[in-house]
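Inspection log for the structure reproduced underneath, given as structure tokens.
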Amino acid sequence: MTDLSHVIDQSTPSIARVYDYLLGGKDNFVVDREIGDHFKNNLPGSVAIAFTNRQALVRAVRDIARDGIRQFVDLGSGMPTADNVHQVAKRHLPDATVAYVDNDPIVLAHGRALLATDAHTTVFQADLRDPPSIRENPEVVKMIDFDQPVAVIFSAILHHLNDDEDPAGVVRYWSEQLAPGSRVYISHFRSGHNAETTAAEQKLQSTFGRGRWRTDEEIAALFGDLEIVDPGIAPCAHWRPDPAPADGTPAIGVSDRELSVWEQLIVAGLARKN
């Protein structure tokens with residue numbers, strides 16, 4: 001981390017680095033750990049949000065790849081961790097191509113180090129709120145063929161956009177770029193109308209100065225005219241859960257137990273362009 005200190009503001013917390021800390025990563029600073037520890041210590045159980053969100057993303061990428069889609073654009077990708085999009089996709093389609101996009105310079109640095117020898121994967125820094133700059137980036141132009149089906153990933157990122165930043169317009173821009181058969185995946189904090197939800201939302205808003213939780217109906221509306229496929233908008237922990245392994249080890253995702261208030265706080269949906 002020290003070799004990046006000249007380009008990274010260590011005094012300001014980063015969404016990507018806080019998330020990395022909550023997932024057990026080491027690419028974070030004291031200021032990020034302070035925010036993460038608030039969730040760990042003052043909002044017990046809230047760390048489940050990060051894990052259930054990541055597990056749902058893994059299942060979504062797996063299913064998209066199984067459907068034969070070889071191209072992925074991961075917007076707001078966050079820090080590299082276990083089971084990144086390109087790793088999951090390549091288990092099923094070795095020639096899958098992935099473009100990772102994030103606005104955090106440390107994501108760029110670590111992503112490039114991880115992917116230095118992977119000709120089918122790229123990572124670059126850009127602002128989610130400026131879709132044309134991403135679409136026209138030379139790395140995307142070289143890597144992604146929008147005349148063929150593409151999967152666009154918005155994993156736990158659109159709730160960091162305020163309403164006046166038009167998250168639905170961001171999704172609409174990308175859906176208009178996509179060929180028929182493409183997919184759009186969204187996971188998003190949902191409004192829980194309870195004390196836990198309010199406390200978590202207020203903490204993130206006071207820390208990062210932005211973001212809004214949305215209802216299931218508002219999250220579904222982000223997909224616009226795209227066809228939301230089964231199981232619709234559902235808690236990440238219940239979204240296409242894997243069957244329990246025969247040896248009794250926990251499944252990735254659950255379907256047969258009541259979710260905690262924290263597990264209910266993050267939902268996912270997948271849509272297809274017809």
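In this text, all values refer to a predicted model and were calculated from it rather than measured experimentally.
- Using a 4.5 Å heavy-atom cutoff, the side chains of Phe223 and Ser175 are not in contact.
- Formation of a donor-acceptor pair under 3.5 Å by the Gln71 side chain with backbone atoms of Asp145 is found in this model.
- For Arg214 against Asn162, the heavy-atom pair with the smallest separation is NH2-C, 3.8 Å.
- Smallest separation of non-hydrogen atoms from His159 and Phe189: ND1-N, 2.8 Å.
- Taking both residues in full, the closest heavy atoms of Ile64 and Ala151 are given as CG2-CB, 3.7 Å, listed atom of the first, atom of the second, then distance.
- Of the possible donor and acceptor atoms, none in the side chain of Thr215 sits under 3.5 Å from a partner among the backbone N and O of Ser191.
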Using side-chain contact (heavy atoms from CB on, under 4.5 Å), reason through Val229 and Arg240 one step at a time and then give a plain yes or no.
CA-CA 11 Å; Val229 299; Arg240 298 189 178 184; 3.4 Å; yes
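- A single hydrophobic cluster is not seen to contain both Leu93 and Leu270; linkage of ILVMFWY side chains at heavy-atom distances under 4.5 Å, directly or through other members, places them apart.
- The pair Arg70-Asp95 meets the salt-bridge criterion, with a side-chain N (NZ, NE, NH1 or NH2) lying under 4.0 Å from an Asp/Glu carboxylate O.
- For the atom pair Ile144 CD1 and Thr122 OG1, the distance stands at 9.5 Å (nearest 0.5 Å).
- Counting heavy atoms from C-beta outward, Asp118 and Lys90 have side chains that approach closer than 4.5 Å.
- Residues satisfying the salt bridge (Lys or Arg N to Asp or Glu O under 4.0 Å) test with Asp37, not counting sequence neighbours, are none.
- With salt bridges taken as basic N to acidic carboxylate O contacts below 4.0 Å, one links Arg183 and Asp67.
- Atom CZ of Phe124 is separated from atom OG of Ser133 by 7.5 Å, given to the nearest 0.5 angstrom.
- Across Ser182 and Gln148, no two heavy atoms sit closer than the pair OG-O, 4.3 Å.
- For the atom pair SG of Cys236 and CG of Leu259, the computed distance is 10.5 Å after rounding to the nearest 0.5 Å.
- For the pair Asp127 (side chain) and Arg129 (backbone), a donor-acceptor distance under 3.5 Å is present.
- Across all non-hydrogen atoms, the minimal contact from Gly232 to Trp239 is O-NE1, 3.7 Å.
- Atom CE in Met143 sits 11.0 Å away from atom OH in Tyr100 (nearest 0.5 Å).
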As a quick check of understanding, evaluate side-chain contact (heavy atoms from CB on, under 4.5 Å) for Phe72 and Thr97, giving each step before the final call.
CA-CA 6 Å; Phe72 296 79; Thr97 58; over 6 Å; no
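- If you take CZ on Phe51 and CH2 on Trp262, they are separated by 15.5 Å, rounding to the nearest 0.5 Å.
- Partners of Asp166 under the side chain to side chain donor-acceptor pair (under 3.5 Å) rule, at least two apart in sequence or in another chain, do not exist in this structure.
- The side chain to side chain contact (heavy atoms under 4.5 Å, CB included) check on His92 picks up Arg62, Ala65, Arg66, with sequence neighbours excluded.
- Residues that satisfy the side chain to side chain donor-acceptor pair (under 3.5 Å) test with Asp32, not counting sequence neighbours, are Arg17.
- Residues passing the salt bridge (Lys or Arg N to Asp or Glu O under 4.0 Å) test with Asp225: none are found, sequence neighbours excluded.
- One finds the CG atom of Leu158 at 6.0 Å from the CG atom of Leu128 (value rounded to the nearest 0.5 Å).
- The pair Arg212-Asp163 meets the salt-bridge criterion, with a side-chain N (NZ, NE, NH1 or NH2) lying under 4.0 Å from an Asp/Glu carboxylate O.
- In this structure the side chain of Val58 never reaches within 4.5 angstrom of the side chain of Gln55, judged on heavy atoms.
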Worked verdict on Ile134 versus Trp174 for side-chain contact (heavy atoms from CB on, under 4.5 Å)
CA-CA 10 Å; Ile134 300 172; Trp174 286 104; 3.7 Å; yes
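- Listed here is the closest heavy atom pair of Gly269 and Ile233: CA-CD1, 4.0 Å.
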Applying side-chain contact (heavy atoms from CB on, under 4.5 Å), run through Trp213 and Leu265 and close with a yes or a no.
CA-CA 9 Å; Trp213 280 212; Leu265 185 59; 3.4 Å; yes
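- Residues Leu222 and Pro167 have side chains in contact (heavy-atom distance under 4.5 Å, counting atoms from C-beta outward).
- Every side chain to side chain contact (heavy atoms under 4.5 Å, CB included) that Glu227 has, sequence neighbours left out, goes to Arg272, Asn274.
- Put simply, the side chain of Val184 does not reach to within 4.5 Å of the side chain of Lys273, judged on heavy atoms.
- When each of Leu75, Asp74, Ile186 is tested with Ile153 by the rule side chain to side chain contact (heavy atoms under 4.5 Å, CB included), just one qualifies, namely Asp74.
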